[in-house]
Structures are given as C-alpha cells and as structure tokens.
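Excluded from the calculations below are hydrogen atoms, water molecules and symmetry mates; all remaining heavy atoms, backbone and side chain alike, are included. The structure presented is a predicted model; accordingly, all values stated were derived computationally and were not measured.
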Amino acid sequence: MDKTKVVENLNSLFELRKEFYEFFDNNMPKIANTDVFDFKNSKDLDAKNAYILFNKYDYAIRKLLPSIYKAYEIDMDKDLKKDF
C-alpha cells in the first residue's frame with residue numbers, strides 16, 4: 001500500500017474515531033466543568049449503535065495493520081500476542 005492510500009486510511013480512521021466519540025458525547029453526560037464522562041449518572045446506551053460504530057472503527061484499524069506490519073517488518077505470528 002502506498003503512502004497516499006495509508007494517509008487516506010488514516011484520515012478515515014480519525015473520522016470514524018471522531019464519530020465514535022460523538023456518539024458518547026451525545027449520549028452520555030460529563031462531570032461538571034470537565035471532559036470526563038460521568039458513567040455513574042449515565043443512562044443505558046443503545047448497544048446496537050455502539051456496536052455499529054465500534055465495528056466501523058475496528059474495520060478501519062484492521063485495514064491499516066497490513067501496511068504497518070510491512071513497514072516495520074512485524075511478523076504477526078512471531079511478534080504479536082494474539083490474546084484479543
């Protein structure tokens with residue numbers, strides 16, 4: 001994958017990250033005068049929408065991984081822990 005495509009994928013990843021956090025911003029209160037989510041006083045989130053956003057974000061990350069592995073000569077079987 002060339003640099004232009006990697007940059008395009010990174011920008012897509014950052015856009016999806018923004019969308020993921022906007023979901024939390026729109027659905028979860030924050031502790032007064034902070035940017036910290038107030039989990040104690042939050043309502044239940046829509047699990048389906050949270051999963052949809054996470055899945056798009058995760059897919060964007062997985063699209064980039066082969067290029068990162070190649071650029072840094074990372075062997076997925078030898079170098080990485082696969083406990084996820």
field: Under the side-chain contact (heavy atoms from CB on, under 4.5 Å) test, residues paired with Y21 that sit two or more places apart
entry: R17, F37
query: Does V6 belong to the same Ile/Leu/Val/Met/Phe/Trp/Tyr cluster as L16, with side-chain heavy atoms less than 4.5 Å apart forming each link?
result: yes
message: Among residues at least two apart in sequence or on other chains, which ones pass side-chain contact (heavy atoms from CB on, under 4.5 Å) with T34?
response: I31, V36
Please report, to 0.1 Å, the donor-acceptor pairs under 3.5 Å made by any side chain of residues 65-78, with sequence neighbours excluded.
from: D75; atom 1: OD1; to: D77; atom 2: N; distance (Å): 2.8
from: D75; atom 1: OD1; to: K78; atom 2: N; distance (Å): 3.0
from: D77; atom 1: OD1; to: K82; atom 2: NZ; distance (Å): 2.6

Show which side-chain atoms of residues 49-57 pair as donor or acceptor with protein atoms under 3.5 Å away, not counting sequence neighbours.
from: N49; atom 1: ND2; to: D46; atom 2: OD2; distance (Å): 2.9
from: K56; atom 1: NZ; to: E19; atom 2: OE2; distance (Å): 3.0

query: Taking all atoms of both residues into account, what is the closest heavy-atom pair of L13 and A60, and its distance?
result: CD1-CB, 3.9 Å
query: Who are the side chain to side chain donor-acceptor pair (under 3.5 Å) partners of N33, not counting sequence neighbours?
result: none
- request: Report the distance from atom CG of N9 to atom CD1 of I61, rounding to the nearest 0.5 Å.
  value: 12.0 Å
query: For D25, which residues count as a side chain to side chain donor-acceptor pair (under 3.5 Å) partner, sequence neighbours excluded?
result: K30
task: For residues F23 and L45, determine if any side-chain heavy atom of one lies less than 4.5 Å from a side-chain heavy atom of the other.
output: yes
Approximate separation, where rounding is to 0.5 Å, of E15 CD and N11 CG: 9.0 Å
query: With sequence neighbours left out, what residues match K63 under side chain to side chain donor-acceptor pair (under 3.5 Å)?
result: none
- prompt: Is there any salt bridge (charged side-chain N to carboxylate O under 4.0 Å, His left out) pair reaching into residues 35-45, and which pairs are they, with sequence neighbours excluded?
  reply: none
- request: Check salt bridge (Lys or Arg N to Asp or Glu O under 4.0 Å) between E8 and all other residues, then give those that pass, not counting sequence neighbours.
  value: K5
